[in-house]
2 protein chains.
Amino acid sequence: MPADPSPDVSAPAVAAPDPAPAAPAEPGRGRRTPRPSGDDRERAILATAEQLLTRRPYADVSVDELARGAGISRPTFYFYFPSKEAVLLALLDAVVAEARLRRDTALRHPAPDREGRWRQVIASVQEPFRSHRAVTLAAAEARASSPAVRDVWSAHMERFVEEAAAEIDAERARGAAPAGLPSRDLATALNWMNERVLHTTFAGHGPAVAEADVVDVLLGVWLRAIYGEPHPR
Amino acid sequence: MPADPSPDVSAPAVAAPDPAPAAPAEPGRGRRTPRPSGDDRERAILATAEQLLTRRPYADVSVDELARGAGISRPTFYFYFPSKEAVLLALLDAVVAEARLRRDTALRHPAPDREGRWRQVIASVQEPFRSHRAVTLAAAEARASSPAVRDVWSAHMERFVEEAAAEIDAERARGAAPAGLPSRDLATALNWMNERVLHTTFAGHGPAVAEADVVDVLLGVWLRAIYGEPHPR
DNA sequence: CTATCGTTCGACACCCTGTTGACAGTCTCG
DNA sequence: CGAGACTGTCAACAGGGTGTCGAACGATAG
């Protein structure tokens, strides 16, 4: 059994978020002390978690496995994280932050045509979900029993819904899109559709859209729901 | 502590599905013996489970609570069900059966106008989900870690997707709907949208559509996605 | 050399699951 | 009516998971 604290993981979600700011102390969740000494251990736990989550569901991963994967004992794990849930939260925060970054970049460099702009909207949700599917699937699973995970996820969705609703309103105001359902309701339905369809595509359970087609399918529904005239015949 | 085996529950999902057929033996999941003697106990367990699930998530309900709620000890619980999962499965089967029944009834009595027909499609999914929201929410939660729950759910969705795809093809064939996305992909996306939007509406977490509006919103998206002309301007 | 502090883990208490074996009713048949 | 079979019941156990406590270890400062 190798005690090497850095297992080979292709692309962990941790990705050194804040090198400069060095948040003084976050007494809520996270490790107990912000000293930089055990940082490698913390990263090893996160990397181990993301790796294990690609193999089995969140509920089937034990704290002991997380600890052993990071080369430490179970009690030592609790020195770095207060629970298994906190590890998932840390992973999820990183993925959400990446999604936000990608989204903001897209907003600053909008595509020239409207189809391209909506494709950016959809792709910015899809990309981080796809590259860290294990974390996202685990978060979806834990959402039901963990209020903290649920809140992070809800806040994330809330921003996407607001942005999409604003975009729909803008298109209607400039006459590009016809009136129809309240923009907020429409944006809510479309965003949840994306979430669920992407989930099934990546999880592969139940009827699903092929991974290569999924953005085109979602985009097709968005365009018709936003721009389609109600009743052609 | 009352030993009364029938706790007061408003409308349990059990609903005595087959009084006459009396299936000889289902050796897979379910209770070990089909004799009618302990039937009340079995129903009491199911009723207790549905009642408890309205108060807390599936993961937080223990076998011991289920047993005590039904007026029996924990080992006795295992005489009736092999696990907590089997209880949820039995509850879910009843809800799914009810949804199927409602759907088949709608198919035999189609509304005269196309909007009414699509409303039937959406409402037949929504109604059982709504009247047994605790079971459905629990099933959604357990789906991630229970292959059996996942399979039941997937099969259920698969049928709805197939039926919706066939209906879309029929509308296109008779010239009522324009060509567009592959009908199967479109039906998949729309059905998952319904599932997720209904889930958030009933669970009340994250951005959601008001319960009174949800069928209208979903119907609006379906109609535009199916009948809307791609680009009006 | 010693005091301190960050870090580590053996051992513990507790909760939950699923199984075993003994036992109590009841029903049937000789 | 009494032996046997079968349903239903539970105390007790084994096993595995979580989270905590306190002793101990090593580096570093005084």
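- At whole-Å resolution of the value, NZ in A:Lys84 and C1' in D:dT18 are 10 Å apart.
- For residues 182-205 of chain B, every residue pair satisfying the ring pair (Phe, Tyr, Trp, His ring centres under 6.0 Å) rule, not counting sequence neighbours, is listed here: B:Phe129-B:Phe202.
- Straight-line distance from the CZ atom of A:Phe77 to the C1' atom of D:dT20: 14 Å, rounded to whole Å.
- Residues meeting the side chain to side chain contact (heavy atoms under 4.5 Å, CB included) test with A:Glu167, sequence neighbours left out: A:Arg117, A:Trp118.
- Among residues two or more places apart in sequence or in another chain, the side-chain hydrogen bond (donor to acceptor under 3.5 Å, both in side chains) test is passed with B:Glu195 by A:Arg196, B:Arg143, B:Trp153.
- B:Tyr78 has its OH atom 11 Å from the P atom of C:dC16, to the nearest Å.
- Atom CG of A:Leu66 is separated from atom P of C:dC9 by 15 Å (rounded to the nearest Å).
- Salt bridge status for A:Arg133 with A:Glu211: present, with a side-chain N to carboxylate O gap under 4.0 Å.
- Scored by the ring pair (Phe, Tyr, Trp, His ring centres under 6.0 Å) test, B:Tyr58 finds no partners at all (sequence neighbours excluded).
- Atom-to-atom, CG of A:Asp39 to C1' of C:dT7 comes out at 14 Å; the value is rounded to the nearest Å.
- To the nearest angstrom, P of D:dG16 lies 11 Å from CG of A:Asp64.
- Atom CG of B:Leu88 and atom P of C:dT17 are 14 Å apart (whole Å).
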Measure all distances between protein nitrogen or oxygen atoms and nitrogen or oxygen atoms of nucleotides 9-13 of chain D, and list the pairs falling under 3.5 Å.
unit_1 : atom_1 : unit_2  : atom_2 : d
D:dT9  : OP1    : B:Arg41 : NH1    : 2.1
D:dT9  : OP2    : B:Tyr80 : OH     : 2.8
D:dC10 : OP2    : B:Ser73 : N      : 3.0
D:dC10 : OP2    : B:Ser73 : OG     : 3.2
D:dC10 : OP2    : B:Thr76 : OG1    : 2.8
D:dC10 : O5'    : B:Ser73 : OG     : 3.4

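- In terms of the salt bridge (Lys or Arg N to Asp or Glu O under 4.0 Å) criterion, residue partners of A:Glu163 (sequence neighbours excluded) are, by chain and number, A:Arg100, A:Arg103, A:Arg159.
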